[in-house]
Amino acid sequence: MEKNNRTVIGKITDKLFGGINLTWPKVIIAAVIAGVITAVIAIIPQFHNTSFIGITVSFEVWVLFGIIIIMNSKSNLDSALKCFVFFLISQPLVYLIQVPFSELGWQLFVYYRYWFMWTILCFPMGFVGYWMKKDKWWGYLILLPMIALTASSYATYFSDFLFYMPKFILISVFCAAAMILYPVVIFKDKIIRTIGAAVGSVAVIAITVLCLLDPPVYNTDIMSNSEEHPLGASYTVSLADNSYGDVKIVYMEEIEDYMLHADFRKAGDTELTVVSPDGVKTEYNVHIERDTFDVTKK
């Protein structure tokens with residue numbers, strides 16, 4: 001059974017990374033589909049802060065698309081042109097579809113400048129990338145920058161996973177698997193495949209350990225001393241669930257007053273309690289995200 005499974009998986013990877021008759025109509029249709037899907041993910045709020053949002057902001061999925069195009073092209077020039085056209089169609093389409101749904105309107109295309117620069121670079125990258133099909137050791141060197149981009153995404157999303165757990169697990173697994181498996185599915189030479197998989201595995205382990213040793217913490221000031229939210233040196237503060245982080249009252253010399261500071265370690269909802277010197281409790285509902293929060297008095 002395991003042998004049959006490996007055979008099926010091998011056939012799928014052989015087809016995906018070199019067995020597709022990649023005609024121009026297929027490239028154009030794929031570009032349109034990729035652009036539409038990306039725009040829909042960007043528009044629908046339920047996809048935000050999930051693994052699916054990665055395709056709208058980072059490279060890892062687009063690197064996979066680029067590699068598939070390269071491996072199914074017929075020459076260096078064919079690879080360069082198809083990579084360039086694929087991104088030339090898909091990327092502006094992402095923003096065009098979002099225009100009616102965005103407060104920025106057409107100003108949203110300001111963000112396209114960054115992706116347009118990468119679109120221009122797709123031509124030389126596609127041209128050079130085609131040499132990976134020669135199955136030589138220097139082909140792996142051509143692949144390394146693509147793995148490095150994926151590794152950068154893995155570091156970001158695994159850190160987000162630690163903060164949002166279990167969110168971002170899919171994109172984290174995708175990036176880790178891609179770093180290890182790209183050399184295996186692209187090259188036929190056993191030495192290149194073995195070394196490539198080993199290097200990818202070491203990189204995944206190293207990034208994972210570094211993220212675990214330095215987990216994400218969202219440092220922020222929740223509120224300042226006021227008539228509505230009185231704070232002082234004699235006040236005590238606490239979270240209902242300490243796993244969300246720590247809170248404390250600090251004196252800010254810049255404003256010569258007290259503020260409630262938080263070091264959040266994970267996203268979610270909890271309760272904040274502020275106790276005055278005479279024992280009066282004030283309770284708040286706290287909603288925590290990676291770089292924002294919301295506090296409402298109960």
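Owing to the predicted nature of the structure, the values given are computational and were not obtained by experimental measurement.
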Audit row: Leu260, Val274, side-chain contact (heavy atoms from CB on, under 4.5 Å) steps and yes/no: CA-CA 10 Å; Leu260 200 162; Val274 179; 4.0 Å; yes

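- With Tyr244 as the aromatic partner, Lys266 meets the cation-pi criteria of under 6.0 angstrom to the ring centre and within 45 degrees of the ring axis.
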Audit row: Leu93, Val32, side-chain contact (heavy atoms from CB on, under 4.5 Å) steps and yes/no: CA-CA 7 Å; Leu93 187 59; Val32 171; 4.1 Å; yes

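- A donor-acceptor contact shorter than 3.5 Å links the side chain of Ser79 to the backbone of Gly126.
- Between the side chain of Gln98 and the backbone N or O of Val94 there is at least one donor-acceptor pair closer than 3.5 Å.
- Counting non-hydrogen atoms of other residues, nucleotides and ligands closer than 6.0 Å to NZ of Lys134 gives a total of 12 or fewer.
- For the atom pair NZ of Lys15 and CG of Asn21, the computed distance is 8.0 Å after rounding to the nearest 0.5 Å.
- In this structure, Ile192 and Asp135 approach most closely via the heavy-atom pair CD1-O, 3.9 Å.
- Every residue two or more places apart in sequence or in another chain that forms a side chain to side chain contact (heavy atoms under 4.5 Å, CB included) with Ala203 is listed here: Met179.
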Phe264 vs Val217, side-chain contact (heavy atoms from CB on, under 4.5 Å): CA-CA, chis, key distance, verdict: CA-CA 6 Å; Phe264 293 127; Val217 179; over 6 Å; no

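- The backbone N or O of Thr156 lies less than 3.5 Å from no partner atom in the side chain of Ser159, so there is not a single donor-acceptor pair.
- Put simply, the side chain of Asp189 gets close to the backbone of Ile191: a donor and an acceptor are under 3.5 Å apart.
- Within a 6.0 Å radius of CD1 in Ile255, other residues, nucleotides and ligands contribute more than 12 heavy atoms.
- Met117 and Leu121 fall within a single hydrophobic cluster, where Ile, Leu, Val, Met, Phe, Trp and Tyr side chains are chained together by heavy-atom contacts under 4.5 Å.
- Side-chain N or O atoms of Tyr130 include one that pairs as donor or acceptor with a backbone N or O of Lys74 at under 3.5 Å.
- The main-chain N or O of Ile171 is found under 3.5 Å from a side-chain atom of Ser51 such that the two form a donor-acceptor pair.
- For the pair Thr282/Lys297, a side-chain contact is recorded, criterion being any heavy-atom separation below 4.5 Å from C-beta on.
- Residue-environment remark: OH (Tyr251) exceeds the threshold of 12 foreign heavy atoms within 6.0 Å.
- By the 4.0 Å N-to-carboxylate-O rule, Asp246 lies close enough to Arg265 to be salt-bridged with it.
- Separating the CD1 atom in Ile20 from the OG1 atom in Thr23 is a distance of 10.5 Å, to the nearest 0.5 Å.
- Summarising the geometry, atom CG belonging to Leu22 is positioned 6.5 Å from atom CD1 belonging to Ile69; distances are rounded to the nearest 0.5 Å.
- When hydrophobic clusters are built by joining Ile, Leu, Val, Met, Phe, Trp and Tyr residues whose side-chain heavy atoms come closer than 4.5 Å, directly or via intermediates, Ile120 is grouped together with Phe86.
- Scored by the side chain to side chain contact (heavy atoms under 4.5 Å, CB included) test, Leu143 finds Ile67, Met132, Tyr140, Met146, Ile147, Tyr182, Pro183, Ile186, Phe187 as partners (sequence neighbours excluded).
- When all heavy atoms of Leu231 and Ser224 are compared, the pair lying nearest together is CD1-C, 3.9 Å.
- Phe109 and Trp118 fall within a single hydrophobic cluster, where Ile, Leu, Val, Met, Phe, Trp and Tyr are joined by side-chain heavy atoms under 4.5 Å apart, directly or via other members.
- Closest non-hydrogen pair, Gly245 versus Leu239, comes out as O-CD1, 3.7 Å.
- Contact check on Lys298 versus Glu271 returns a salt bridge, with a Lys/Arg side-chain nitrogen under 4.0 Å from an Asp/Glu carboxylate oxygen.
- Side-chain contact check for Thr56 versus Ile53: some heavy-atom pair is nearer than 4.5 Å.
- A distance below 6.0 Å separates the ring centres of Trp115 and Phe59.
- When atom types are taken as modelled, the side chain of Lys167 and the backbone of Thr50 share no donor-acceptor pair closer than 3.5 angstrom.
- A salt bridge links Asp78 with Lys82; the closest basic N to acidic carboxylate O contact falls under 4.0 Å.
- Cation-pi geometry between Lys136 and Trp131 is not met at under 6.0 angstrom from the ring centre and within 45 degrees of the axis.
- Salt bridge Asp14/Lys188: present, at least one basic N to carboxylate O contact under 4.0 Å.
- Among residue pairs with one or both ends in residues 225-235, those qualifying as side-chain hydrogen bond (donor to acceptor under 3.5 Å, both in side chains) are Asn225-Asp257, His229-Tyr284; sequence neighbours excluded.
- For the pair Lys133 (side chain) and Ser73 (backbone), a donor-acceptor distance under 3.5 Å is present.
- For Lys248, the NZ atom is loosely surrounded, since the number of other residues' heavy atoms within 6.0 Å does not exceed 12.
- Here the closest non-hydrogen pair linking Thr38 and Ala34 is OG1-O, 2.7 Å.
- For Trp24, the CH2 atom counts as densely surrounded, since its 6.0 Å shell holds more than 12 non-hydrogen atoms of other residues, nucleotides or ligands.
- Under the 3.5 Å distance criterion, with hydrogens and angles disregarded, a donor-acceptor pair is assigned to the side chains of Glu289 and His287.
- Cluster annotation: Val57 is connected to Leu108 through the hydrophobic network of ILVMFWY side chains, with a link wherever side-chain heavy atoms come within less than 4.5 Å.
- Under the 4.5 Å side-chain criterion, counting only non-hydrogen atoms from C-beta, Pro216 is not in contact with Asp160.
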Check against side-chain contact (heavy atoms from CB on, under 4.5 Å), Tyr218 and Phe163: CA-CA 9 Å; Tyr218 174 30; Phe163 196 85; 4.1 Å; yes

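- Looking at heavy atoms from C-beta onward, Val110 lies out of side-chain contact with Leu104 at the 4.5 angstrom threshold.
- In this structure the side chain of Leu272 reaches within 4.5 angstrom of the side chain of Val247, judged on heavy atoms.
- Leu210 and Val173 fall into different hydrophobic clusters, defined by Ile, Leu, Val, Met, Phe, Trp and Tyr side-chain heavy atoms under 4.5 Å apart, directly or through other members.
- Between Phe123 and Phe84, the angle of the ring planes goes over 60°, which puts this pair in the perpendicular group of the 30/60° scheme.
- Between Phe65 and Trp62, the two ring planes are perpendicular [angle over 60°; tilted spans 30° to 60°].
- Proximity of Phe158 to Ile169: side-chain heavy atoms (C-beta onward) are nowhere separated by under 4.5 Å.
- Nearest heavy-atom pair, Phe101 versus Ile43, reported as atom, atom and distance to 0.1 Å: CD1-CD1, 3.5 Å.
- Using bins of under 30°, 30° to 60° and over 60° for the plane-to-plane angle, the ring pair Phe52/Phe47 lands in the perpendicular bin.
- In this structure, the side chain of Ser58 does not engage the main chain of Glu60 through any donor-acceptor pair within 3.5 Å.
- Annotation: side chain of Ile28 is not in contact with side chain of Lys26 (no heavy-atom distance under 4.5 Å).
- For Cys83 against Ile70, the heavy-atom pair with the smallest separation is SG-CG1, 3.8 Å.
- Distance alone, capped at 3.5 Å, is enough to place a donor-acceptor pair between the Asn72 side chain and the Gly19 backbone.
- Side-chain contact check for Ile180 versus Val204: some heavy-atom pair is nearer than 4.5 Å.
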